[in-house]
2 protein chains.
Amino acid sequence: MIAIGEASRQSGVGIETIRYYEREGIVPEPERAANNRRLYSAQDVGRLRFLKRCRDLGFPLADARTLLALSESRSADCQSVRKLAEDHIRSVRRKIDALTKLNAALAELTANCATGTVDCPMLAELRAG
Amino acid sequence: MIAIGEASRQSGVGIETIRYYEREGIVPEPERAANNRRLYSAQDVGRLRFLKRCRDLGFPLADARTLLALSESRSADCQSVRKLAEDHIRSVRRKIDALTKLNAALAELTANCATGTVDCPMLAELRAG
DNA sequence: GCTTGATCCTGTAGTGGCTACAGAATGTAT
DNA sequence: ATACATTCTGTAGCCACTACAGGATCAAGC
């Protein structure tokens, strides 16, 4: 059994974030020592690492929570997992598309923006339209 | 002089957002009619459209505000505009890179996830590590 | 003149997912 | 004994809106 700081180090989840997950009911309340400090088991740390990986993959916290529940349920329902993941992939691809268009638009805007011009063409472009 | 609803329609900025911009001091307080309703000039609408375009290009609101100030200053300082824009382009490209990697990681995860498996390999992968 | 419905007003609270305190109580090392 | 690190609770801030609640006013039709 380890303290919250060590659990944070081992899982990569920040201390404040761990307490936040607890408040939100995303992870169960851990044991407490006699001095009221939280005590984490290896399983607790495993949950945190799972959540960390989900979040790093860009899943919304609500999805991460669902995935964790699925992961701990007796029947690991692969269909539900697939659906969540595929929806998320679609959303990631949409974001990439949007940002790619944005990038093109920004590149075009700045391309016309020569250094030191008195009336900046980029501002003119932003005003126009 | 038009009311806030019409200014919203003409600029594409939502009514609540217009009032928010006013509260935040991003646009000046507009005139008021005798009945206390806001009255917008063509210039006011122009400002809102400018902000809308900046936001659509993904500039943070703080940058949009700076760009608007630059746009209205006597000496349209093209250098500052370039710097803001180039920083923003870099951040957009970083986001694209990150999402592209994410997309690959997610694709790999789901590729192994056959339909209806009892122990979902994606969950196994999220647990491992 | 009256009703209906649209528009507007102010003020406050919620969103997501943390993050950063404040202020107090412990624990650990010298 | 002292210094410093860690933990505790509770609250507020971040970004950029968005969504109410509860009320006032306006415009159009009858």
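Sequence lines set the chain letters: A, B, ... in the order given, protein chains first and strands last, and positions in each chain run from 1.
Separating the CG atom of A:Asp56 from the P atom of C:dC18 is a distance of 10 Å, rounded to the nearest angstrom. Atom CD1 of A:Ile18 and atom P of C:dT19 are 12 Å apart (whole Å). Taking atom CD of residue A:Glu22 and atom C1' of nucleotide D:dT7, one finds them 13 Å apart after rounding to whole Å. B:Glu29 has its CD atom 14 Å from the C1' atom of C:dC9, to the nearest Å. In this structure, B:Ile15 places its CD1 atom 12 Å from P of D:dT18, rounding to the nearest Å. We find that CZ of B:Arg32 is positioned 14 Å from P of D:dC26, with the value rounded to whole Å. Across the protein-nucleic acid pair, A:Arg19 atom CZ and D:dA12 atom P stand 17 Å apart, rounded to whole Å. Atom CD of B:Glu6 is separated from atom P of C:dA6 by 17 Å (rounded to the nearest Å).
Comparing the helix axis at one end of the helix from C:dG1-D:dC30 to C:dT30-D:dA1 with that at the other, each defined from 5 consecutive pairs, gives an inter-axis angle of 10° (nearest 10°).
Using a cutoff of 4.0 Å between basic side-chain nitrogens and carboxylate oxygens, B:Glu22 and B:Arg38 are scored as salt-bridged. Contact check on B:Asp97 versus B:Lys101 returns no salt bridge, with no Lys/Arg side-chain nitrogen under 4.0 Å from an Asp/Glu carboxylate oxygen. Remark: A:Glu6 engages A:Arg9 in a salt bridge, criterion side-chain N to carboxylate O under 4.0 Å.
Ranking C:dT19, C:dC9, D:dA19 by closeness to the B:Glu16 side chain, first place goes to D:dA19.
Using a 4.0 Å heavy-atom distance criterion, B:Arg38 is classed as a sugar-phosphate-only contact. Using a 4.0 Å heavy-atom cutoff across all strands shown, A:Arg65 reaches no nucleic acid atom at all.
Proximity of B:Pro30 to B:Met1: side-chain heavy atoms (C-beta onward) are nowhere separated by under 4.5 Å.
Not one N or O on the side chain of A:Ser8 forms a donor-acceptor pair closer than 3.5 Å with the backbone of A:Ile4. A donor-acceptor pair is defined here as one N or O able to donate and one able to accept, closer than 3.5 Å; such a pair exists between the side chain of A:Thr66 and the backbone of A:Ala62.
At a cut-off of 3.5 Å, with distance as the only test, a side-chain donor of A:Ser41 or A:Asp44 sits close to an acceptor on the other residue.
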Decide yes or no on side chain to side chain contact (heavy atoms under 4.5 Å, CB included) for B:Arg47 and B:Gln43, but give the supporting numbers first.
CA-CA 6 Å; B:Arg47 276 192 205 102; B:Gln43 196 192 1; 3.2 Å; yes

Apply side chain to side chain contact (heavy atoms under 4.5 Å, CB included) to B:Leu68 and B:Cys54, showing your working.
CA-CA 9 Å; B:Leu68 180 58; B:Cys54 291; over 6 Å; no

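The only member of A:Arg90, A:Arg82, A:Lys83 that meets side chain to side chain donor-acceptor pair (under 3.5 Å) when paired with A:Glu86 is A:Arg82.
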Between the protein and nucleotides 13-17 of chain D, which nitrogen or oxygen pairs are less than 3.5 angstrom apart?
from: D:dA16; atom 1: OP1; to: B:Leu61; atom 2: N; distance (Å): 3.1
from: D:dA16; atom 1: O3'; to: B:Arg55; atom 2: NH2; distance (Å): 3.3
from: D:dC17; atom 1: OP2; to: B:Tyr21; atom 2: OH; distance (Å): 2.8
from: D:dC17; atom 1: OP2; to: B:Arg55; atom 2: NE; distance (Å): 2.9

Treat primed atoms plus P, OP1 and OP2 as sugar-phosphate and everything else as base, then score nucleotides 24-30 of chain C 5' to 3': B for base contact with protein heavy atoms under 4.0 Å, S for sugar-phosphate contact only, - for none.
--BS---

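When all heavy atoms of B:Phe59 and B:His88 are compared, the closest pair comes out as N-NE2, 3.5 Å.
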